[in-house]
Structures are given as C-alpha cells and as structure tokens.
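Below is one structure; the comments refer to it alone.
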Amino acid sequence: MRTLRELIIQMIVARRSRGEQWNAGDLAVCIAENWEDKDGDHPKVDDYLRVSAVCGGGLWLHFEGRAPDLHYEANAFRKVVHDLQHAADEDWADDLKRLRRKEPV
C-alpha cells in the first residue's frame with residue numbers, strides 16, 4: 001500500500017512527463033486497467049469520458065455521468081485531440097467512388 005505522499009509524487013511525475021493540460025469539457029480515453037480499488041466501477045481501457053471538473057492542478061479528473069465524489073488519476077487517461085488537418089492524399093474521394101458498389105443492395 002502506497003502512502004498518500006508517494007501517490008502524489010508519482011502522479012506529479014507522470015503528469016509532467018505527458019504534459020497534458022486538462023480542462024472541463026475535454027474528451028479523455030482510459031489507458032489504465034489496474035485500479036487499486038478492485039471492487040469499484042472504474043472506466044475500462046478504451047472507454048471515452050467527458051471531463052466535468054479538474055482538481056489538484058490537473059492531477060485528478062471528474063467525469064460526466066459519474067458520481068461527483070469520484071475522482072480519477074489524470075495519468076490513467078489520455079486527452080483526445082481532434083485531427084483538423086485535411087487528408088494528405090488528394091485522390092481519396094476518387095478511390096472511395098471506385099470502391100462503391102455498382103448495384104443497389
């Protein structure tokens with residue numbers, strides 16, 4: 001069992017290594033599967049959750065649809081960043097048209 005001090009130090013180091021800045025409204029994907037509280041209702045790997053509140057300078061996250069007193073370690077999640085760039089291949093639409101079925105289903 002880790003002490004609270006050890007847990008906080010570990011989380012600070014993990015946060016700094018990833019450098020993610022969390023805000024309410026961000027979309028997060030779960031990357032952790034080994035929760036200390038085995039009996040709790042924890043997110044599973046690849047679950048997507050919307051951040052409702054950030055605590056402890058970004059060390060803890062609260063999520064929409066979860067009890068407001070539940071908080072999760074931020075290093076157990078990765079921030080989902082939307083890709084707003086256009087596709088590099090200009091011919092992708094032509095490729096899709098070519099692959100389209102010729103006859104209705």
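This is a predicted model, so every value here is computed, not measured. The residues of the chain are indexed from 1 along the displayed sequence.
- Between S52 atom OG and L61 atom CG the span is 9.0 Å, to the nearest 0.5 Å.
- Contact record, F77 with W22: O-CZ2, 3.8 Å, taken as the closest heavy-atom pair.
- Sorted by first then second residue, the salt bridge (charged side-chain N to carboxylate O under 4.0 Å, His left out) pairs that include residues 48-67, not counting sequence neighbours, are D41-R66.
- Summarising the hydrophobic clusters (Ile, Leu, Val, Met, Phe, Trp, Tyr; side-chain heavy atoms under 4.5 Å, direct or chained), the residues clustered with V80 are L27, V29, Y48.
- Looking at every heavy atom in both residues, P43 comes nearest to C30 through O-SG, 3.9 Å.
- In this structure, NE2 on H42 lies 12.5 Å from CG on D47, to the nearest 0.5 angstrom.
- Residue V81 is found outside any hydrophobic cluster, as its side-chain heavy atoms come under 4.5 Å of no other Ile, Leu, Val, Met, Phe, Trp or Tyr.
- Taken to the nearest 0.5 Å, the SG atom of C55 stands 12.5 Å off from the OH atom of Y72.
- What you find for I31 and N75 is that their closest heavy atoms are CD1-O, 3.9 Å.
- Under the ring pair (Phe, Tyr, Trp, His ring centres under 6.0 Å) criterion, H71 pairs with W60, H62, not counting sequence neighbours.
- Judged as a side chain to side chain donor-acceptor pair (under 3.5 Å), the pairs with a partner in residues 23-32 (not counting sequence neighbours) are, in order, D26-K79.
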